[in-house]
Amino acid sequence: MKTDAVVIGAGVIGGAVALELAKAGRSVVIVDKGSAAGAGSTSASSAIIRFSYSTLDAVLMAWESATVWENWAEYLGVVDPDGMAKFIRTGYLVYRTEGYDGETVRKIWDEIGIPYDILTADELRKKFPALDAGSYWPPKTIDDPAFGDDAVGELSGLYDPLSGFMDDPMLAAHNLAHAAKQHGAEFLFHKEVSEITRDGDVVSGVVLKTGERFEAPIVINAAGPHAAAINRMAGVYDEMKVHHRPLRQEVFSPPAPKGFRLEDNAPVVADLDLGQYFRPHMGDLLNVGTTEPACDPLHFLDDADNWNDSVSVEFFERVMLRLARRLPDFGIPHKLLGIGALYDVTDDWIPLYDKSSLPGFFMACGTSGNQFKNAPLVGKFMRTLIEAQEQGIDHDVTPVEVMGEFTGMPINLSAFSRLRTQADTAGNVMG
């Protein structure tokens with residue numbers, strides 16, 4: 001079968017890429033080994049929509065994408081009969097702790113015009129009485145004798161009122177797939193790629209394990225935790241200066257304490273002081289994960305098909321006890337409430353939106369954990385990179401820019417290059 005483009009992966013990133021290409025009039029086939037759009041790592045996303053990154057291009061990307069999420073049906077151009085994902089505005093609070101005072105973010109927000117407040121410890125307690133403002137730095141394991149020590153000081157907070165989250169990340173991916181189908185895109189599930197084919201020194205398509213062949217001059221790798229294996233299959237992994245691999249994570253959903261529910265106007269919270277993030281969720285629940293503090297081991301995997309998706313007692317207890325320090329009224333549950341998931345993570349935690357050394361083969365990789373919010377812009381990025389190649393522009397030599405529709409400011413895609421010098425970032429999914 002011949003098609004204009006093959007997208008590998010039908011998560012929120014692959015769906016956004018497929019939609020942009022299909023809207024541009026291209027025939028697109030999307031292949032995913034899973035059972036449905038967004039059934040992989042997208043389904044385990046906390047779906048937080050926020051703008052607190054440490055580089056201008058990353059903040060611009062998130063700010064532009066946030067406008068899309070707020071106007072989701074308008075962007076899609078169609079209403080999904082199976083339901084529409086919804087943006088829930090909560091605001092976003094970042095504790096200003098040792099090593100993170102938010103000044104870099106504030107300067108970028110000032111440049112772009114993103115509103116925020118700096119809350120003193122007293123103001124933080126008044127605005128969010130359910131939260132503790134104590135400093136316990138640095139983050140510690142629960143078997144550290146100092147874990148239960150009293151606070152060593154008080155923290156202020158950087159608060160933006162416009163952030164929030166999407167209520168159903170998998171439904172958002174379904175919405176993208178539905179919209180792409182309206183433009184002729186074809187989705188194939190329970191299908192696994194076994195070969196990236198070449199015609200001389202350019203990509204020519206893919207072969208599936210079933211033996212099916214798809215001839216295409218464009219192949220986009222958006223395979224999430226399986227993306228590194230696909231890049232190796234294409235023979236482009238070794239030439240990359242920034243690499244990526246699957247990381248096992250756990251995300252928890254315990255009951256929310258009184259005072260920190262959606263109805264209480266609770267915000268999304270980034271708490272690097274204790275090494276966690278959390279937000280309110282529907283049904284009087286919380287959504288809780290870690291910010292990968294230095295004291296916690298990282299569980300990278302060699303095989304994205306061989307891992308345990310159950311919640312571990314050790315990880316659960318660690319996260320719940322940290323949460324209890326920040327939310328004094330939190331009652332630690334006795335059941336393991338959460339899921340195991342895989343993230344696709346780069347060496348510097350910044351994603352890869354790029355061409356490759358194989359003409360026609362593109363990558364949208366290293367996206368898991370903190371790039372759900374940017375999916376709408378990722379689709380536009382990949383479409384622009386593909387069009388640049390077709391116009392004879394070598395992105396490695398002449399970096400491609402995408403102009404923000406709402407800010408009117410350019411986003412330089414070299415910030416997401418596979419050949420970049422590794423960036424100095426927070427070293428976690430919070431970016």
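Values below: all heavy atoms of this structure, side chains included; hydrogens, waters and symmetry mates excluded. Keep in mind the model is a prediction, meaning the values are calculated, not measured.
Heavy-atom minimum distance, I411 versus F381: CG2-CZ, 3.8 Å. Nearest heavy-atom pair across R125 and L131 is CG-O, 4.3 Å. Annotation for A85 and W72: closest pair O-CD1, 3.5 Å, computed over non-hydrogen atoms. In plain terms, the two heavy atoms of D273 and G134 that are nearest each other are OD2-O, 3.9 Å. Residues F330 and P255 approach most closely at CE1-O, 3.5 Å, considering heavy atoms. Residues F361 and I230 share a closest heavy-atom pair of CZ-CG2, 4.0 Å.
Counting non-hydrogen atoms of other residues, nucleotides and ligands closer than 6.0 Å to CG of D302 gives a total of 12 or fewer. The number of heavy-atom neighbours closer than 6.0 Å to CG of D238, taken from other residues, nucleotides and ligands shown, is 12 or below. Annotation: Q182, atom CD; neighbour count of heavy atoms from other residues, nucleotides and ligands within 6.0 Å is above 12. Other residues, nucleotides and ligands place more than 12 heavy atoms under 6.0 Å from the CD atom of E192.
Seen from the ring of Y53, R50 counts as a face-on cation partner, given the 6.0 Å and 45° thresholds.
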Q.
The test is side chain to side chain contact (heavy atoms under 4.5 Å, CB included); show your working for W307 and H299 and say whether it passes.
A. CA-CA 10 Å; W307 62 286; H299 301 289; over 6 Å; no
Q: Evaluate the criterion side chain to side chain contact (heavy atoms under 4.5 Å, CB included) for residue pair I114 and L162; output intermediate values, then yes/no.
A: CA-CA 9 Å; I114 299 175; L162 300 182; 5.6 Å; no
Q: Walk me through it: do Y277 and V268 pass the test side chain to side chain contact (heavy atoms under 4.5 Å, CB included)?
A: CA-CA 8 Å; Y277 72 86; V268 175; 5.9 Å; no
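A distance-only check finds no donor-acceptor pair linking the side chain of W69 to the backbone of M166 [under 3.5 Å]. Between the side chain of H395 and the backbone N or O of V400 there is at least one donor-acceptor pair closer than 3.5 Å. Not a single donor-acceptor pair under 3.5 Å links the side chain of R383 to the backbone N or O of L21.
A search for ring pair (Phe, Tyr, Trp, His ring centres under 6.0 Å) contacts involving F51 returns W63, not counting sequence neighbours. Y95 meets the ring pair (Phe, Tyr, Trp, His ring centres under 6.0 Å) test with no other residue; sequence neighbours excluded.
Between K380 and E64 there is no salt bridge, since none of the side-chain N atoms of the basic residue sits less than 4.0 Å from a carboxylate O of the acidic one. Ion pairing between K126 and E123 fails under the 4.0 Å rule for side-chain N and carboxylate O. Classification of K140 and D149 as a salt-bridged pair fails, no side-chain N sitting under 4.0 Å from a carboxylate O.
E103 is listed as a side-chain neighbour of R96, based on a closest heavy-atom distance under 4.5 Å.
Each of K86, K373, R279 was scored for a side-chain contact (heavy atoms from CB on, under 4.5 Å) with F165, with one residue passing: R279. The side-chain contact (heavy atoms from CB on, under 4.5 Å) test with Q276 is passed by exactly one of R326, R325, M320, R318: R326. Each of K241, R420, R418 was evaluated against D354; a single residue qualifies, R418, per the salt bridge (Lys or Arg N to Asp or Glu O under 4.0 Å) test.
Side chains of N412 and S414: a donor-acceptor N/O pair is present below 3.5 angstrom, by distance only. Between the side chains of T210 and E212, a donor-acceptor pair is found at a separation under 3.5 Å. In summary, the side chains of H174 and D82 do present a donor paired with an acceptor at a separation below 3.5 Å, with no hydrogens or angles considered. D344 and H244 share a donor-acceptor pair across their side chains, judged by distance under 3.5 Å alone.
No close placement of the W137 and Y100 rings is indicated, their centers lying 6.0 Å or farther apart.
Between Y116 and W109, the angle of the ring planes lies from 30° to 60°, which puts this pair in the tilted group. In this structure, F252 and F316 have perpendicular ring planes: the angle between them is above 60°, well past the 30° mark.
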